[in-house]
A.B. asks: 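Below: one structure in structure tokens.
In what follows, chains carry the letters A, B, and so on, assigned in the order in which the sequence lines appear, proteins first and then strands, with residues in each chain numbered from 1.
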Amino acid sequence: MAIEIKMPRLSDTMEAGTLVKWNVKEGDKVDAGQVLADIETDKATMEMPTYDAGRVAKIVCPVGASVAVGETLMILAEEGESIEQAVQSVGAAAGGAGESAPREAKTGAARAREAHGKPDSANAATMVKSKSDASAGVAAPVPTSNGADGEGPSGRMLVSPLARRIAEENDLDLSTVKGTGPQGRIIKRDVLAALGRDESPAAATTSKATPPSSAPAPLASAPTALGGKVALSNMRQTIARRLVESKTTIPHYQVSVSVNADPLLDLRTTLNEQLASQNVKLSVNDFLVRACALAIHQHPHFNAAWKGDSLLIGEHVNIGVAVALPEERGGGLVVATLRDADRKGLRQISAETKALADKARSKGLSLEEMADSTFTISNLGMFDVDFFTAIINPPNAAILAVGAALKKPVVRNDQLAIGHEMTCTLSCDHRIIDGASGARFLQTLKAMLENPATLLV
Amino acid sequence: MSAATATTTRQIQFREALREAMSEEMRRDPRVFLMGEEVAQYQGAYKVSQGMLEEFGPRRIIDTPISENGFAGLGIGAAMMGLRPIIEFMSWSFSLVAADQILNNAPKMLYMSGGQFGCPIVFRGNDGAGGQLGSTHSWAVEGLFSNVPGLRIAIPSTPYDAKGLLKTAIRCDDPVFFLESERMLGNKGPVPEEEYLIPFGVADIKRAGADCTIVSFGRPVHFCLEAAEKLAAEGIECEVIDGRTIRPLDIDTIIESVKKTGYCVVVDQSWPFGSVASEVAAQVYERAMDYLDNRVYRVCSDDVPAPYSKALEQAMLPHAGKIIEAVKKAMYLA
């Protein structure tokens, strides 16, 4: 059975590619993985490997031709098949690459064979081929893409040595990283962005520099003017992918509770006064981390992850704290993980949170520092918001969105008084936690926050 | 530089620093003498040796005819017999007529004599384009000469470095090629009164920065500092490393910096093919490949004979504009 090598779809927007160079000639024996040709797309020149071994029966597409995605570029003869047989089997398909006459007209009874490879891998999208049945004598119509996202060039990936080293050190799969260097080369800033770290001073300058015309524009950090198009950083892409996944696959619901924050604020003031000489400055968030960690012990399902056919209840209570990154460094958001927060005192929680947040904002966090959270807190209190809802950070079961402790008229002991109220809104995965369970968790949390001395022991 | 930048250090010219180095060494060691064209009666073609004839007399400050091959060879013979000659070339361009002596004899003497004769000699003079001197008088010899084993090359960029390196050169037991620049002889800089020496093979970080490493030697160091200043205004902090000697090369300092920044630009006034910049780049690849986020960029003189035209000569030589462009390319900012 002859194998047709077709123009692969090498990027989301690619409709046609130009054959820049053939690396093989007719009659050559090729191995699986061997690069057959260089293809120029709308974005870069990429290498096209073959996924099948065979012998080059016929080169259909001449060098320099622009060919629509899915058009035949080459015919490979399989083992045991002669070149003549192979060419014949594809028959009229070898008509010429420039022509885009619909092949369906000639397909007859031929049937499309499934494309090799895993349909959802990037590889499948980059390499499209069909096998036509020799007996049918005609080529089969072929889907031009298997629906993969088409990220990354096929074949050899261009990576700077430094980027490769950083990726290795952080166990980052480079095939998930989009390169912004020349020819799509993955460079340090791409890897750092994928790791959720921003790069140093150059980030600010990047937006000023003129990008090379052939490469995608680098991320413009904090655009100051209205209008214009901003390329996505890898971090922005990751945020987008993960949150769309979360919001579209997790049945979210929200429960809110208003917490009397006066006892907490009072205790915090007292403690900070007493501990000032020891350089300890507790934040409201530190109390929240501690309270949630302890509340999870009473409500273990809040430490669970949805596994399709089961729930995995985490052994460790690792509280994720969302940290917004500074706009001037490209913005974005990371979740820092406070491991075993239930076993740590306020002082340690405070010190660790501060260290992680500082590192996230300055150098960026390592994968480990962002991994394995079981419950996440997002606190926008510093922006004086009343309340908000947050999107669950997979694979967590819930996320707590915390507003500011605002001065309000409140009812205390049946008297109207002025007090601080803080609204906490819990988003839960309904597959794991039902509404009443969410409410009970908030009840526990509220009790702890309103009697904050319990958090000290 | 820390010693030099300390409080209230006097400022002297590059040429004065050279003169002090020679004079101090001549007072210290009676074997040291200076020989070359116009060094004595005329007080130095560029006034480097001004006053030295008066102090040391005509037996130690010696005028020569225009005969580089002759007096370079004479110096080598004197060095082999135990003296410590300083041979001044008015320009290193003129040393080429003495190539057999300085490249084929001096650096090989220790080896070929089986260790019996060393050649403790200093050849010094102006290197690099002087300014509209035309193709044959504008040599930067470091690219060509650094290929030769057995010699040392010092190439200072400041009066402080010039003095400390020249004193080391005069005390060195190997032939030293000491490359100055007539364009820098009038430059003033801090030089302490007290004696100091600068060892060979120790680079100086002239400006610290974490974003991009710039390596240079001699006069172009100043172009690098100018470029770094302008880049700093855009938020790019370059680390400017002045190699100070090419042989030996302080590759460790360079590698340490490249490991920190991930980007490297080498600026060198020789021609690009087989240049000092090429050598630095090669050694960076050999030792720090996994720390590089981009290829090493070289900024050299263009691969043409030096033009006479002022504008063309400027365009041919390394300058801050080219360095800024190279740094931005290296950092993927252009």
Side-chain angles (χ1 to χ4, degrees), chain A residues 44 158-170 174 177-195 197-222 231 233-234 326 328-330 362-364, chain B residues 207-215 227-240 254-266 280-298 320-334:
Chain A
L158 297 178
V159 189
S160 89
L162 177 61
R164 192 180 291 280
R165 190 170 62 85
I166 297 172
E168 277 170 13
E169 283 171 3
N170 290 283
L174 280 169
V177 179
K178 188 174 161 197
T180 62
Q183 270 88 54
R185 184 189 305 161
I186 297 171
I187 59 178
K188 181 177 81 169
R189 65 170 173 239
D190 304 326
V191 173
L192 292 186
L195 291 170
R197 308 182 212 171
D198 215 331
E199 40 145 14
S200 45
T205 4
T206 309
S207 56
K208 290 180 225 155
T210 316
S213 54
S214 61
L219 170 71
S221 61
S233 69
N234 284 301
E328 61 270 20
R329 304 194 52 183
S362 58
K363 285 187 297 204
Chain B
R207 181 189 178 109
D211 296 340
C212 181
T213 300
I214 309 180
V215 183
E229 190 70 38
K230 289 180 177 163
L231 286 164
E234 297 181 40
I236 302 165
E237 291 297 340
C238 295
E239 181 141 292
V240 178
I254 296 168
I255 295 302
E256 199 181 318
S257 177
V258 170
K259 284 184 176 176
K260 179 175 71 176
T261 62
Y263 304 104
C264 184
V265 172
V266 192
V280 172
Q283 293 202 25
V284 167
Y285 289 130
E286 285 165 0
R287 294 169 193 236
M289 185 66 186
D290 290 326
Y291 294 85
L292 287 171
D293 196 34
N294 200 349
R295 70 176 174 89
V296 176
Y297 277 76
R298 292 179 296 159
K322 290 184 185 177
I323 298 164
I324 290 171
E325 192 186 340
V327 168
K328 288 188 173 175
K329 277 186 184 164
M331 294 182 68
Y332 298 107
L333 297 174

A.B. asks: Which atom names give the shortest non-hydrogen contact between B:Leu292 and A:Ser160, and what distance separates them?
C.D. replies: O-OG, 3.7 Å
A.B. asks: Going by side chain to side chain donor-acceptor pair (under 3.5 Å), name the residues that satisfy it together with A:Glu169, two or more places apart in sequence or in a different chain.
C.D. replies: A:Arg165
A.B. asks: Can you establish whether the number of heavy atoms outside B:Glu256 located under 6.0 Å from its atom CD is more than 12?
C.D. replies: no
A.B. asks: Looking only at heavy atoms, what is the nearest atom pair of A:Pro182 and B:Tyr332, with distance?
C.D. replies: CD-CE2, 3.4 Å
A.B. asks: Do you know which two heavy atoms are closest between B:Met331 and A:Arg189, and how far apart they sit?
C.D. replies: O-NH1, 3.9 Å
A.B. asks: Scan for salt bridge (charged side-chain N to carboxylate O under 4.0 Å, His left out) pairs involving residues 282-297 of chain B, sequence neighbours excluded, and state none if there are none.
C.D. replies: B:Asp252-B:Arg287
